[in-house]
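See below for the structure under consideration.
Just the heavy atoms: all of them, side chains too, but no hydrogens, waters or symmetry mates, feed the values below. Computed from a predicted model, the values in this text were never measured in an experiment.
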Amino acid sequence: MLTHSTLLATLFRHPLFQALPQPALQELALGAGSRRLLQGATLHHEGDPARHFFILVHGQIKLHRLSGDGQERVLEIVRPGDVFAETPLFDEQPHYRLSATALRETLVLQVQNACYQRLLQQHPPLAQAMLARLSQRLNRRLDDIDNLATSNANHRVARFLIQAQESDSGIVNLDVPKRLIASKLGIQPETFSRILHRLISAGLIRVHNRRIEILDPLNLAAYQREAG
């Protein structure tokens, strides 16, 4: 578990809380805590009462739910520094909309919703930071919906590779299993693998374990447009 001073420093460094004066930050830290999760452990289930939201300190969390046919649907992979499960803050009867499961050994900070809501009323800049955060999340969700509704599997994989490369380096490091990437793209794992092999055969990418090198970015971008 984190000491109070470490927890306070972690909150202070996060952009969501930098608008808070020191006394308010101290109050927030008193209502916060930390949790360690082993790989495969569940932080919360879909439908559980939502009393906290979370900041991922290290590790990895998948946010997921079951579809109508019982298949797991991964909506997001949470990485260090990300805030998650904050949207129920403003619900009349707050419940978690998704399940959260650790993909590796993980440490999260948990912030009490009730404490944070009091501070939102007292410090308008904090509310602005949260609104900006929620707006970014909404825009990502709209992009995901548009991508799933208007494109085929080839388009989604090509688009994923273009967006996932590190600083336009042409290198994509897959830090989660391919089946989870496939789930987030709304396709089956075997479909994801088949499309990767197709791109390899076309000379557009090279794959070595979890490292993908984009060999021909212009033609991969053209492939994305044609596939859609």
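- The environment of CD in Gln22 is crowded: more than 12 heavy-atom neighbours from other residues, nucleotides or ligands sit within 6.0 Å.
- Judged as a salt bridge (Lys or Arg N to Asp or Glu O under 4.0 Å), and not counting sequence neighbours, the contacts of Asp175 are Arg79.
- At least one donor-acceptor pair closer than 3.5 Å links the side chain of His14 to the backbone N or O of Gly81.
- Applying the side chain to side chain donor-acceptor pair (under 3.5 Å) rule to Ser5 yields the partners Thr3; only residues at least two apart in sequence or on another chain are considered.
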For residues 213-222, tabulate all N or O donor-acceptor pairs below 3.5 Å that involve a side-chain atom, not counting sequence neighbours.
{"residue": "Glu213", "atom": "OE1", "partner": "Arg206", "partner atom": "NH1", "Å": "2.7"}
{"residue": "Asp216", "atom": "OD1", "partner": "Asn219", "partner atom": "N", "Å": "3.2"}
{"residue": "Asp216", "atom": "OD2", "partner": "Asn219", "partner atom": "ND2", "Å": "2.6"}

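- For Asp91, the salt bridge (Lys or Arg N to Asp or Glu O under 4.0 Å) test picks out Arg97, with sequence neighbours left out.
- For the salt bridge (Lys or Arg N to Asp or Glu O under 4.0 Å) test, no residue two or more places apart in sequence or in another chain qualifies with Arg104.
- The minimum heavy-atom distance linking Leu196 with Ile205 is given by the pair O-CD1, 3.7 Å.
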Kindly list each side-chain donor-acceptor pair under 3.5 angstrom involving residues 39-58, sequence neighbours excluded, with atom names and distances?
{"residue": "His44", "atom": "ND1", "partner": "Leu98", "partner atom": "O", "Å": "3.2"}
{"residue": "Glu46", "atom": "OE2", "partner": "Arg65", "partner atom": "NH2", "Å": "3.4"}
{"residue": "Asp48", "atom": "OD2", "partner": "His45", "partner atom": "N", "Å": "2.8"}

For residues 177-184, run the donor-acceptor check on the side chains, cut-off 3.5 Å, and write out each pair with its distance to 0.1 Å, sequence neighbours left out.
{"residue": "Ser183", "atom": "OG", "partner": "Glu72", "partner atom": "O", "Å": "3.3"}
{"residue": "Ser183", "atom": "OG", "partner": "Val74", "partner atom": "N", "Å": "2.8"}

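- Listed by chain and residue number, Arg118 satisfy the salt bridge (Lys or Arg N to Asp or Glu O under 4.0 Å) test with Glu27 (two or more places apart in sequence, or in another chain).
- For Ser99, there are no side chain to side chain donor-acceptor pair (under 3.5 Å) partners at least two apart in sequence or on another chain.
- Every pair tested for salt bridge (charged side-chain N to carboxylate O under 4.0 Å, His left out) that includes a residue from residues 120-132 fails, sequence neighbours excluded, so the list is empty.
- Side-chain heavy-atom separations under 4.5 angstrom define the hydrophobic clusters, and Leu30 shares its cluster with no other residue.
- Gln122 is listed as a side-chain neighbour of Leu119, based on a closest heavy-atom distance under 4.5 Å.
- Between Leu161 and Leu199, some side-chain heavy-atom pair lies under the 4.5 Å cut-off.
- By the side chain to side chain donor-acceptor pair (under 3.5 Å) test, Gln165 pairs with no residue at all, sequence neighbours left out.
- Across His155 and Ser151, no two heavy atoms sit closer than the pair CD2-CB, 3.1 Å.
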> Can you list the steps and then say if Arg198 with Asn154 is a side chain to side chain contact (heavy atoms under 4.5 Å, CB included)?
Replying inline: CA-CA 10 Å; Arg198 193 176 300 151; Asn154 294 307; 2.7 Å; yes

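- For the residue pair Leu109 and Ser34, the shortest heavy atom distance occurs at CD2-CB, 4.0 Å.
- Put simply, the side chain of Tyr116 reaches to within 4.5 Å of the side chain of Leu16, judged on heavy atoms.
- Hydrophobic clustering (ILVMFWY, side-chain heavy atoms < 4.5 Å, transitive): Val111 and Leu107 are in one cluster.
- In this structure, the side chains of Phe84 and Tyr96 stay at 4.5 Å or more apart for every pair of heavy atoms.
- The backbone N or O of Ile77 lies less than 3.5 Å from no partner atom in the side chain of Gln60, so there is not a single donor-acceptor pair.
- Between the Ser135 side chain and the Leu131 main chain, no donor and acceptor come within less than 3.5 Å of each other.
- Counted within 6.0 Å of CD on Glu105, heavy atoms from surrounding residues, nucleotides or ligands total 12 or fewer; the atom is thus considered open.
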